[in-house]
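Below you'll find the structure, written out as structure tokens, and then a few comments.
What's counted below: heavy atoms across the whole structure, side chains too, no hydrogens, waters or symmetry copies. FYI, the numbering just counts along the sequence from 1.
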Amino acid sequence: MIAIITGASSGIGREFAIQVDDLNYDQIWLIARRKDRLIELKNQLKTKSKILALDLLDRESFLKISNEIEIVNQKVGLLVNSAGVGFNDYFENVSLEENQRMIDLNILAPTQLIKVILPYMAENSVIINVGSVAGFIPQPKFATYAASKSYLISLSRALNRELKGRKIHLTSLCPNPVATEFGEIDKNGIKKYGTEDIHKLVARALKEARYKDLITVHPSARFMRLISKIIPHSFVMWLERVFGMY
């Protein structure tokens, strides 16, 4: 059985690879742009690992992944869509290229990868899409990123229903900010109080992915999910303004 992890060169994706290493998969496929980082990670893992140094902004990458799966002729037991990007600025200050990159990497890439890998997934396999608490409520000054994560949450929950008959489980992991290369945590802002412990975050995701279609770990992330259901989003965005979040 194969586990496939995108964004494996750093951050949450890398942590998934480290913890999946203890789950008795036959192979772990590590996907990211930076081959040197993937080699370094591979050398730390006990499980046989395959490096696919691919840029998921390149449409040809998905064909290459599909071809590789056909060659090995093994089932996929786990897919983690962790690759992503975000630009924290007012929409008018974000370039067309940056917006396109967020849409392509946060929306198109995981959608395409699920489509490509789905025919090879085993019974009781799991797909974990790394979303964000930003996907619960529109985020001024993070508009495209939050919208992309909202899409991912919706996709995960819908496909989890669609694929129940095949016993394929989908979930969206929605963390608070994580101290990774993805972005610096604002040490003076309110978000610093909700910073996730990356080890606990990934461990909980791997534990709960088979029976939850949306996973939050930090208490403030759970609170954010709750208020997104019961309080008008316009009021929440007003509060964000009061707290200086935009």
Checklist entry - Same cluster for M245 and F91 if Ile/Leu/Val/Met/Phe/Trp/Tyr side chains link at under 4.5 Å? => result no
Next on the checklist: Can a donor-acceptor pair be found, under 3.5 Å and without considering hydrogens, that links the side chain of S49 to the backbone of T47?
Outcome noted: yes
Checklist entry - Under 3.5 Å, is there a donor-acceptor pair between the side chain of S61 and the main chain of D55? => result yes
Checklist entry - Just by modelled atom types, is the I107 backbone N or O under 3.5 Å from a matching donor or acceptor in the T111 side chain? => result yes
Checklist entry - S154 side chain to Y151 main-chain N or O, any donor-acceptor pair under 3.5 Å? => result no
Next on the checklist: With a 3.5 Å distance limit and no angle check, can you tell me whether K149 reaches the backbone of V130 through a side-chain donor-acceptor pair?
Outcome noted: yes
Next on the checklist: Once rounded to the nearest 0.5 Å, what's the spacing between atom CD1 of I18 and atom CD of Q44?
Outcome noted: 6.0 Å
Checklist entry - Looking at CG of D58 and CG of L54, how far apart are the two atoms once the value is rounded to the nearest 0.5 Å? => result 8.0 Å
Item to check | Heavy-atom check, side chain of S10 versus side chain of R37, under 4.5 Å | outcome: yes
Next on the checklist: Quick check against the 3.5 Å criterion: does S125 have a side-chain atom that pairs as donor or acceptor with the backbone of A122?
Outcome noted: yes
Checklist entry - Rounded to the nearest 0.5 Å, how far apart are CG of L57 and CZ of R33? => result 7.5 Å
Item to check | In one Ile/Leu/Val/Met/Phe/Trp/Tyr side-chain cluster, 4.5 Å: V242, M224 | outcome: yes
Checklist entry - Where do E68 and K50 land on the salt bridge (Lys or Arg N to Asp or Glu O under 4.0 Å) test, with the steps shown first? => result CA-CA 10 Å; E68 290 290 338; K50 185 181 187 67; 3.2 Å; yes
Checklist entry - Any donor-acceptor pair under 3.5 Å linking the side chain of D213 with the backbone of L170? => result no
Checklist entry - Hey, what do you get for SG (C174) to CD1 (I153), rounding to the nearest 0.5 Å? => result 3.5 Å
Item to check | Student check: side-chain heavy atoms of Y246 and Y90 closer than 4.5 Å | outcome: yes
Next on the checklist: Walk me through whether H233 and F136 qualify under side chain to side chain contact (heavy atoms under 4.5 Å, CB included).
Outcome noted: CA-CA 9 Å; H233 289 182; F136 296 154; over 6 Å; no
Item to check | Shared hydrophobic cluster for L30 and M1 (ILVMFWY, side-chain gaps under 4.5 Å) | outcome: yes
Checklist entry - Going through the checks in order, is the side chain to side chain donor-acceptor pair (under 3.5 Å) test met by Y211 and T171? => result CA-CA 8 Å; Y211 61 92; T171 190; over 6 Å; no
Next on the checklist: Rounded to the nearest 0.5 Å, what separates atom NZ in K229 from atom CD1 in I137?
Outcome noted: 12.0 Å
Item to check | Same cluster (ILVMFWY, side-chain, under 4.5 Å), Y145 and L155 | outcome: yes
Checklist entry - Does the D21 side chain pair with the main chain of K46, one donor and one acceptor, at a distance under 3.5 Å? => result yes
Next on the checklist: How close do A209 and H169 get, counting heavy atoms only, and between which atoms?
Outcome noted: O-CB, 3.8 Å
Item to check | S9 versus R34, closest heavy-atom pair with distance | outcome: OG-NH2, 3.3 Å
Item to check | For Y120, all residues meeting side-chain hydrogen bond (donor to acceptor under 3.5 Å, both in side chains), sequence neighbours excluded | outcome: E70
Checklist entry - Between the main-chain N or O of D89 and the side-chain N or O of N93, is there a donor-acceptor pair closer than 3.5 Å? => result no
Item to check | Between S172 and N129, a side-chain donor and acceptor under 3.5 Å | outcome: no
Can you give me every donor-acceptor pair (side chain of residues 196-205, partner residue at least two apart or in another chain, under 3.5 Å) with its distance?
from	atom 1	to	atom 2	distance (Å)
E196	OE2	N176	N	2.9
D197	OD1	H199	N	3.0
D197	OD1	K200	N	3.1
H199	ND1	E15	OE2	3.2
H199	ND1	Q19	NE2	3.2

Checklist entry - Nearest 0.5 Å, what's the CD-CD1 distance between E98 and I103? => result 12.0 Å
Checklist entry - Should V133 and W238 be regarded as members of a common hydrophobic cluster, given that ILVMFWY residues are connected when their side-chain heavy atoms come within less than 4.5 Å of each other, either directly or indirectly? => result yes
Checklist entry - With distance as the sole test, does T6 use its side chain to make a donor-acceptor pair with the main-chain N or O of A83 at under 3.5 Å? => result yes
